[in-house]
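We're numbering straight along the sequence, starting at 1. Predicted model only: the values in this text are computed from it and were never measured.
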Amino acid sequence: MAPPSELLDLNKDTGVCARILELLESEGARFRLLHHAPEGRTDVASRLRGHPLNQAAKCIVVRVKITKRSSRYVLAVVPGDRLVDLKGIRLLYGGKDASFAQRDTAEELAGAVCGSITPFSFHPDLEAVVDPELLRQKEIFFNAARLDLSVALYSEDFVSITRPHIAAIAMSAADALR
């Protein structure tokens with residue numbers, strides 16, 4: 001695979017994108033970069049990248065209300081064909097409530113605009129939790145903190161590099177209706 005410096009203008013990519021690519025290279029990860037039209041919707045981005053929706057890492061920042069005055073933030077990473085189980089996340093963290101984080105908070109914590117949030121957390125106040133169903137895929141796909149660039153990464157390399165908290169935090173659309 002070509003190093004990012006040959007594929008990207010690293011002067012343009014000084015944030016989370018560059019940090020992820022440098023990390024993947026330094027750890028010897030098996031990954032590919034995929035350029036595509038700017039897109040942040042998981043289903044459309046998956047079609048542009050040419051892979052099944054269940055291989056997409058859908059990344060959503062969730063706010064878990066622990067007490068009346070304290071909250072914590074979680075980077076929920078689920079397969080692209082599933083939904084984030086807010087009740088499951090609330091129970092996992094012993095919270096009183098769980099909801100999607102405000103857009104500006106999510107973008108600040110993740111270091112990327114919504115639609116390009118990655119499954120990597122570099123912020124001390126944002127813990128990544130990954131649903132095990134996603135990790136059953138040999139390779140996962142996600143936007144690289146940019147809407148026009150994605151990464152295809154071997155799941156086992158993702159786990160060995162990030163050492164995420166792994167827990168069942170996804171549900172099907174049918175489960176959401178119950």
Side-chain angles (χ1 to χ4, degrees), residues 13-27 29 31 40-42 45 54-137 139-147 149-172 175-176:
D13 291 294
T14 58
V16 171
C17 179
R19 192 167 179 185
I20 289 172
L21 297 178
E22 289 167 6
L23 178 62
L24 295 177
E25 278 194 338
S26 71
E27 294 292 329
F31 73 100
R41 294 168 292 177
T42 306
N54 66 340
Q55 285 185 279
K58 186 188 298 184
C59 306
I60 299 176
V61 179
V62 175
R63 177 179 178 245
V64 180
K65 189 93 168 144
I66 304 299
T67 66
K68 254 184 158 176
R69 295 185 180 161
S70 69
S71 296
R72 72 178 303 164
Y73 290 92
V74 175
L75 175 59
V77 183
V78 301
D81 63 342
R82 312 269 295 178
L83 302 172
V84 172
D85 179 0
L86 293 173
K87 180 181 178 185
I89 292 174
R90 176 182 62 80
L91 293 172
L92 182 65
Y93 286 93
K96 296 179 177 289
D97 188 37
S99 60
F100 298 120
Q102 294 291 323
R103 181 184 200 102
D104 59 337
T105 301
E107 291 177 349
E108 179 184 333
L109 291 171
V113 298
C114 287
S116 72
I117 293 175
T118 76
F120 290 76
S121 175
F122 298 110
H123 196 288
D125 295 331
L126 185 64
E127 178 185 6
V129 180
V130 182
D131 190 86
E133 285 299 314
L134 179 65
L135 301 176
R136 290 193 198 340
Q137 305 301 318
E139 191 174 46
I140 62 172
F141 295 78
F142 54 91
N143 279 7
R146 287 176 38 177
L147 294 172
L149 182 69
S150 291
V151 174
L153 174 63
Y154 274 58
S155 296
E156 76 179 62
D157 292 345
F158 169 72
V159 171
S160 72
I161 292 168
T162 63
R163 302 188 198 296
H165 183 157
I166 299 170
I169 58 164
M171 64 180 171
S172 69
D175 289 340

Pairing residues for Phe141 by the ring pair (Phe, Tyr, Trp, His ring centres under 6.0 Å) criterion, not counting sequence neighbours:
His51
Is the ring pair Phe142/Phe120 parallel, tilted or perpendicular, if the boundaries are 30 and 60 degrees?
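It falls in the tilted class, 30° to 60°.
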Distance from [X] atom [atom1] to [Y] atom [atom2], nearest 0.5 Å?
{"X": "Leu21", "Y": "Leu149", "atom1": "CG", "atom2": "CG", "answer": "6.5 Å"}
{"X": "Cys114", "Y": "Asn143", "atom1": "SG", "atom2": "CG", "answer": "12.0 Å"}
{"X": "Arg136", "Y": "Ser155", "atom1": "CZ", "atom2": "OG", "answer": "11.0 Å"}
{"X": "Tyr73", "Y": "Glu108", "atom1": "OH", "atom2": "CD", "answer": "9.5 Å"}

Would you please test Val61 and Thr105 for side-chain contact (heavy atoms from CB on, under 4.5 Å) and show each step?
CA-CA 9 Å; Val61 179; Thr105 301; 5.8 Å; no
Identify each donor-acceptor pair in which a side-chain atom of residues 79-90 lies under 3.5 Å from a protein atom, sequence neighbours left out, and give them as a table.
{"from": "Arg82", "atom 1": "NH2", "to": "Ala170", "atom 2": "O", "distance (Å)": "3.3"}
{"from": "Asp85", "atom 1": "OD1", "to": "Lys87", "atom 2": "N", "distance (Å)": "3.2"}
{"from": "Asp85", "atom 1": "OD1", "to": "Gly88", "atom 2": "N", "distance (Å)": "3.0"}

Got [X] and [Y] here, is their nearest side-chain heavy-atom distance under 4.5 Å?
{"X": "Tyr93", "Y": "Val62", "result": "no"}
{"X": "Gln137", "Y": "Asn54", "result": "yes"}
{"X": "Ile117", "Y": "Ile60", "result": "no"}

Can you check whether [Y]'s main-chain N or O pairs, donor with acceptor, with [X]'s side chain at less than 3.5 Å?
{"X": "Ser71", "Y": "Arg63", "result": "no"}
{"X": "Glu107", "Y": "Val113", "result": "no"}
{"X": "Glu139", "Y": "Gln55", "result": "no"}

Please find the pair of heavy atoms, one from [X] and one from [Y], that lie closest to each other, and give the distance.
{"X": "Lys96", "Y": "Ile66", "value": "CG-O, 3.6 Å"}
{"X": "Thr118", "Y": "Cys59", "value": "C-SG, 3.5 Å"}
{"X": "Ile161", "Y": "Ala29", "value": "CD1-CB, 3.7 Å"}
{"X": "Leu109", "Y": "His123", "value": "O-CB, 3.3 Å"}
{"X": "Val74", "Y": "Leu126", "value": "C-CD1, 3.6 Å"}
{"X": "Cys17", "Y": "Ala144", "value": "CB-O, 3.1 Å"}

Determine whether Glu22 and Arg19 satisfy the following criterion, salt bridge (charged side-chain N to carboxylate O under 4.0 Å, His left out), listing intermediate values before the conclusion.
CA-CA 5 Å; Glu22 289 167 6; Arg19 192 167 179 185; over 6 Å; no
